[in-house]
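Starting from 1, each residue takes its place in the sequence as its number.
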Amino acid sequence: MEVVNAKDFMALLKENDMVIVSRKDLGIDQQIEINLVRERIKKQGYGNLQDMINAKWFRVKTTHGLNHWIKAGKIRPEELYINKKGKVHILFEAVEFINRRA
């Protein structure tokens, strides 16, 4: 492995009008995370409210907003799954229908 002088490296970047940015600044990691959450929800067939927000499938940005949609009837009871602990989940197959109504 070759060691490069930092000043030379920075001069080379400057000559070629290049900059160093983190992956976070490019938004690549965020899109990868969104895709991972979406795949997990598809595989399970449902996702809790926070997962649905993280998957960015709906216009609302908070679980409070999704709860409001549930109370307002935009998300119907048959599109929900409530586990043994009483936690509310939204069925994956209902996502498209919910977005059409909302």
> My understanding is that only residues two or more places apart in sequence, or in another chain, count here; which of them pass salt bridge (Lys or Arg N to Asp or Glu O under 4.0 Å) with Glu33?
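For Glu33 there are no salt bridge (Lys or Arg N to Asp or Glu O under 4.0 Å) partners, ignoring immediate neighbours.
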> Under the ring pair (Phe, Tyr, Trp, His ring centres under 6.0 Å) definition, can you give me all pairs with a residue in residues 29-50, not counting sequence neighbours?
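Output for this query lists Tyr46-Tyr81, Tyr46-His89.
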> Any salt bridge (charged side-chain N to carboxylate O under 4.0 Å, His left out) involving residues 73-91? Give me the pairs, sequence neighbours left out, ordered by first then second residue.
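For residues 73-91: Glu79-Arg101.
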> Can you run down the ring pair (Phe, Tyr, Trp, His ring centres under 6.0 Å) pairs that involve residues 15-42, sequence neighbours left out, and say none if there aren't any?
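Checked against ring pair (Phe, Tyr, Trp, His ring centres under 6.0 Å) - neighbours excluded - no pair reaches residues 15-42.
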> Using residues 57-68 as the side-chain source, report each donor-acceptor pair under 3.5 Å to any protein atom, sequence neighbours left out, with the distance given to one decimal.
from, atom 1, to, atom 2, distance (Å)
Thr62, OG1, Gly65, N, 3.1
Asn67, ND2, Thr63, O, 3.3

> Just so I know, are the side chains of Val88 and Asn48 near enough to count as touching, which here means a heavy-atom distance under 4.5 Å?
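Val88 vs Asn48: side chains apart.
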> Name all pairs fulfilling the salt bridge (charged side-chain N to carboxylate O under 4.0 Å, His left out) condition that reach into residues 43-53, sequence neighbours left out, sorted by first residue then second.
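Sorted result for residues 43-53: Arg40-Asp51.
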> Considering residues at least two apart in sequence or located in another chain, which fulfil the side-chain contact (heavy atoms from CB on, under 4.5 Å) criterion with Ile20?
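By the side-chain contact (heavy atoms from CB on, under 4.5 Å) rule, Ile20 matches Phe9, Leu13.
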> Could you state whether Met10 and Val21 fall into the same hydrophobic cluster, counting links through intermediate Ile, Leu, Val, Met, Phe, Trp or Tyr residues with side-chain heavy atoms under 4.5 angstrom apart?
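Met10 and Val21: separate clusters.
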> With a 4.5 Å cut-off on side-chain heavy atoms, are Gln30 and Lys56 touching?
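Contact flag for Lys56/Gln30 side chains = yes.
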> Going by side-chain hydrogen bond (donor to acceptor under 3.5 Å, both in side chains), name the residues that satisfy it together with Asn54, two or more places apart in sequence or in a different chain.
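Counting only residues at least two positions away or on another chain, Asn54 forms a side-chain hydrogen bond (donor to acceptor under 3.5 Å, both in side chains) with Gln50.
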> Sequence neighbours excluded, which residues qualify as salt bridge (Lys or Arg N to Asp or Glu O under 4.0 Å) partners of Glu96?
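If we apply the salt bridge (Lys or Arg N to Asp or Glu O under 4.0 Å) test to Glu96, skipping adjacent residues, the hits are Arg100.
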> Mind listing the closest non-hydrogen atom pair of Ile41 and Ala55 along with its distance?
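Where Ile41 meets Ala55 most closely, the heavy atoms are CD1-CB, 4.1 Å.
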> Does Glu93 have more than 12 heavy atoms from other residues, nucleotides or ligands lying within 6.0 Å of its CD?
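12 or below, so no.
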> What residues, two or more places apart in sequence or in another chain, satisfy side-chain hydrogen bond (donor to acceptor under 3.5 Å, both in side chains) together with Gln31?
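side-chain hydrogen bond (donor to acceptor under 3.5 Å, both in side chains) list for Gln31, sorted by chain: Asn35.
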> Could you list the cluster mates of Leu12? Members are the ILVMFWY residues connected by side-chain heavy atoms closer than 4.5 Å, either directly or through other members.
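None; Leu12 is a cluster of one.
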> Taking atom CD1 of Ile82 and atom CG of Leu80, what is their separation to the nearest 0.5 Å?
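Answer rounded to 0.5 Å: 6.5 Å.
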> Measure the spacing between CE of Met52 and CG of Leu91 and express it to the nearest 0.5 Å.
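Between Met52 CE and Leu91 CG, I get 7.5 Å after rounding to 0.5 Å.
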> Enumerate the salt bridge (charged side-chain N to carboxylate O under 4.0 Å, His left out) contacts for residues 4-18, please, sequence neighbours excluded, ordered by first and then second residue.
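Not a single pair qualifies under salt bridge (charged side-chain N to carboxylate O under 4.0 Å, His left out).
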